[in-house]
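Everything numeric in this text was worked out from a predicted model, so none of it was measured.
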Amino acid sequence: QLQLVESGGDLVQPGGSLRLSCATSGYPMDYYILAWFRQAPGKEREALGCISRYGDTTHYAESVKGRFTIARDNAKNTVYLQMNSLKPEDTGIYYCAAAPYYALGWADMRPDTYMYWGQGTQAAVSS
């Protein structure tokens with residue numbers, strides 16, 4: 001079973017940057033499509049983007065396209081979320097999630113299609 005642990009959450013000012021990491025263990029990471037989600041206070045969990053098993057393809061939600069970048073290093077069993085030009089509305093708990101590569105269609109970012117989740121890391125954007 002795959003385990004995921006996010007880190008890197010912090011308090012940053014508007015316009016700033018933050019890089020989140022998600023370390024995986026328990027199974028080779030290249031078996032999985034990985035995705036990042038965010039849950040803001042009082043709101044439903046929102047999909048941000050996903051990355052193919054070898055990292056050659058990414059897909060992003062419109063709300064973060066051009067500002068956020070997902071990358072993965074299968075040798076290090078880690079997936080990253082680089083966040084630039086941060087806005088107060090980017091505040092929330094950030095989760096990484098994984099699904100076996102055969103279990104969903106490409107760019108499927110429905111939360112209930114991802115089997116494995118981390119515990120989340122808090123990021124806040126405020127002056």
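- Considering only heavy atoms from C-beta on, M83 stays 4.5 Å or farther from V12 through its side chain.
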Checklist entry - Are Y95 and L4 close enough, and set up right, to give a side chain to side chain contact (heavy atoms under 4.5 Å, CB included), and what steps lead you there? => result CA-CA 9 Å; Y95 300 89; L4 303 94; over 6 Å; no

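- Within a 6.0 Å sphere centred on NZ of K65, heavy atoms belonging to other residues, nucleotides or ligands number more than 12.
- Between W117 and F37, the ring-plane angle classifies as tilted under the 30° and 60° cut-offs.
- Distance CE/M115 to CG/L104: 11.0 Å, rounded to 0.5 Å.
- The cluster map of Ile, Leu, Val, Met, Phe, Trp and Tyr, joined by side-chain heavy atoms under 4.5 Å apart, puts I70 and V64 in the same cluster.
- Counting all heavy atoms, side chain and backbone alike, D90 lies closest to R67 at OD2-NH1, 2.8 Å.
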Checklist entry - After noting the C-alpha distance and the side-chain angles of R72 and N74, does the key distance pass the side chain to side chain contact (heavy atoms under 4.5 Å, CB included) rule? => result CA-CA 6 Å; R72 65 191 291 166; N74 287 342; 2.8 Å; yes

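- Using cut-offs of 30° and 60° on the angle between ring planes, the pair F68 and Y94 is tilted.
- Each of D108, D112, T113 was evaluated against R110; a single residue qualifies, D108, per the side-chain hydrogen bond (donor to acceptor under 3.5 Å, both in side chains) test.
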Side-chain donor/acceptor pairs under 3.5 Å, residues 119-127, sequence neighbours excluded:
residue : atom : partner : partner atom : Å
Q119    : NE2  : E6      : O            : 3.3
T121    : OG1  : G9      : N            : 3.1
Q122    : NE2  : G92     : O            : 3.3

Checklist entry - Under the side chain to side chain contact (heavy atoms under 4.5 Å, CB included) criterion, do Y80 and D73 qualify, and how do the steps go? => result CA-CA 8 Å; Y80 305 96; D73 186 336; 4.2 Å; yes

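- Atom CG of L2 and atom CG of L34 lie 7.5 Å apart (nearest 0.5 Å).
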Which pairs would a plain distance check flag for residues 18-27, meaning a side-chain donor or acceptor within less than 3.5 Å of a matching protein atom at least two apart in sequence or in another chain?
residue : atom : partner : partner atom : Å
T24     : OG1  : N77     : O            : 3.2
S25     : OG   : Q3      : OE1          : 3.4

Checklist entry - Would Y101 and W106 count as a side chain to side chain contact (heavy atoms under 4.5 Å, CB included) if you check the C-alpha gap in whole Å, the side-chain angles of each, and the deciding distance to 0.1 Å? => result CA-CA 9 Å; Y101 70 92; W106 174 240; over 6 Å; no

Acceptor/donor pairs from residues 48-56 side chains to any protein atom, 3.5 angstrom cut, sequence neighbours excluded:
residue : atom : partner : partner atom : Å
S52     : OG   : D56     : N            : 3.2
S52     : OG   : D56     : OD1          : 2.7
S52     : OG   : T57     : N            : 3.0
S52     : OG   : T57     : O            : 3.3
R53     : NE   : D30     : O            : 2.8
R53     : NH2  : D30     : O            : 3.4

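- To the nearest 0.5 Å, the span separating CZ on R45 from CZ on R38 amounts to 13.0 Å.
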